[in-house]
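This report refers to the structure that appears directly beneath it.
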Amino acid sequence: MGAPGSEDTVVIELGKKLGDAHVITVNCPDKTGLCCDVCRIILDFGLYTTKGDVTTDGVWCYIVLWVVPYYDSLRLRWSHLKNQLVSVCPSCSSYFVLDLMSSCPASTPVYLLKFFCLDRNGLLHDVTRVLTELELSIQTVKVTKTPDGRVMDLFFITDNMDLLHTEKRQEDTRGKFRSVLGESCISCELQLAGPEYECHQNIPSLSPAVAEELFTSEQLTDEDNRVQLLSDDMIKLKDSVITVDNCLSPAHTLLQIRCVDHRGLLYDVLRTLKDFEIKMCYGRFSPQTQGHRDLDLFIQLKDGNKIVDPDKQNSLCSRLKAEMLHPLRVIITNRGPETELMVANPVELSGKGRPRVFYDVTLSLKVLGICVFSAEIRRYTASDREWEVYRFLLDENCLFQLGSASARNEIVNKVRRTLMGW
């Protein structure tokens, strides 16, 4: 391994024919969590990793991933994907320069997109799809429906292209929304977010019963009547096997994982390693076989030692099993007389949330023909972790009897299957 030119840090080789996987190669200085950051971007662009290899000598990292689109209608801008991947790679020119300054990244400006329009089925997903196509990331959202059938939507967003400060990018964004919303659009405004953004960061308190159901690692059980019944898919998730081997390599701990595949599996595993400050020195992600994936990871602690402490091994394996069992928590509960769909996912210690959750949930509700009376995204701290919580008050005027346990199970399973890519 050696220092590549800046143009060779990320190379994307497109498949030769329809259905072929595209090959993404990353060759740059190493850092803890680099592969996690790469997999998060790939997930954010709607891609699925079919297989992969990662190698590092402690200085340079070489990553090769084979990817295919998750969505048939996905329109990919490969140059933008490359730019995003390059942005998380340590700079070759500055890698060997002693940095005496703080490594804290500059804060990304948050903008407020506010529009007022007539409501219709699927509106929230259509808006989310436009934001995704424009590479605008949702930080938090507040959606409110009025009694006369109109909606006021507040989207707090950041620009992955870092161009939203320009008048052209702002006008293109407003024009795209006016085009999608058509005559139903009453007003559409875009501006830098003010103090109101901080007010929308913290979630109102949850009842102890709801918090326990949403955040406990033992959420998925058939014994508690408050929890939706498990589908066959979710039962299969309990079959994951994790082994830790310190005998095969003199310098590394071998972590072997066999589990049911799901969308974002590699990100979930690597995010856990990143949060534990564990370095992956070599990794092989095998192709899916009968719905299962095998991962072989040679890992070390941050200080370069093997993981020999039984408590540390147990802690790591327990967290990994929890992430593979239910990386996203989906429940339906009552908020007073209203029916509320709630989705929660862990936030990285770096503060990054999981990509495309809002997109997939709103897609599921659109397919089910369920309108959203109100929606919001907030952060919540529970079980010594920070969570991103998505709350949707469902409109009772739909094909489902929302008070029925069977209807609730159907909605939860549809949302969960979409999120998991099944």
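Look at K176 and D172 and you find no salt bridge, because none of the NZ, NE, NH1 or NH2 atoms lies under 4.0 Å from a carboxylate O. A salt bridge links R169 and D159; the closest N-O separation between the charged side-chain nitrogens and carboxylate oxygens is under 4.0 Å. Between E338 and K145 there is no salt bridge, since no side-chain N of the basic residue sits under 4.0 Å from a carboxylate O of the acidic one. With respect to E410 and K414, no salt bridge is recorded, no charged nitrogen being found less than 4.0 Å from a carboxylate O. Under the 4.0 Å criterion applied to side-chain N and carboxylate O atoms, D30 and K279 are not assigned as salt-bridge partners. Looking at R174 and E171, a side-chain N of the basic residue comes within less than 4.0 Å of a carboxylate O on the acidic one, giving a salt bridge. Using a 4.0 Å cut-off between charged side-chain N and carboxylate O, D37 and K31 make a salt bridge. Between E348 and R271, none of the side-chain N atoms (NZ, or NE/NH1/NH2) sits under 4.0 Å from a carboxylate O, so this pair counts as no salt bridge. Using a 4.0 Å cut-off between charged nitrogen and carboxylate oxygen, D275 and R319 do not count as a salt-bridge pair. One finds no salt bridge joining R378 and E388 here, because no Lys/Arg side-chain nitrogen approaches an Asp/Glu carboxylate oxygen to under 4.0 Å.
Checked against Y48 for a ring-ring contact (aromatic ring centres under 6.0 Å, His included), the options W66, Y70, Y267 give a single hit: Y70.
For the residue pair N246 and T253, a side-chain donor N or O sits within less than 3.5 Å of a side-chain acceptor on the partner. Side chains of E13 and H22: no donor on one and acceptor on the other come within 3.5 Å.
Ring orientation note: the planes of F298 and Y282 are tilted relative to one another, at an angle of 30° to 60°.
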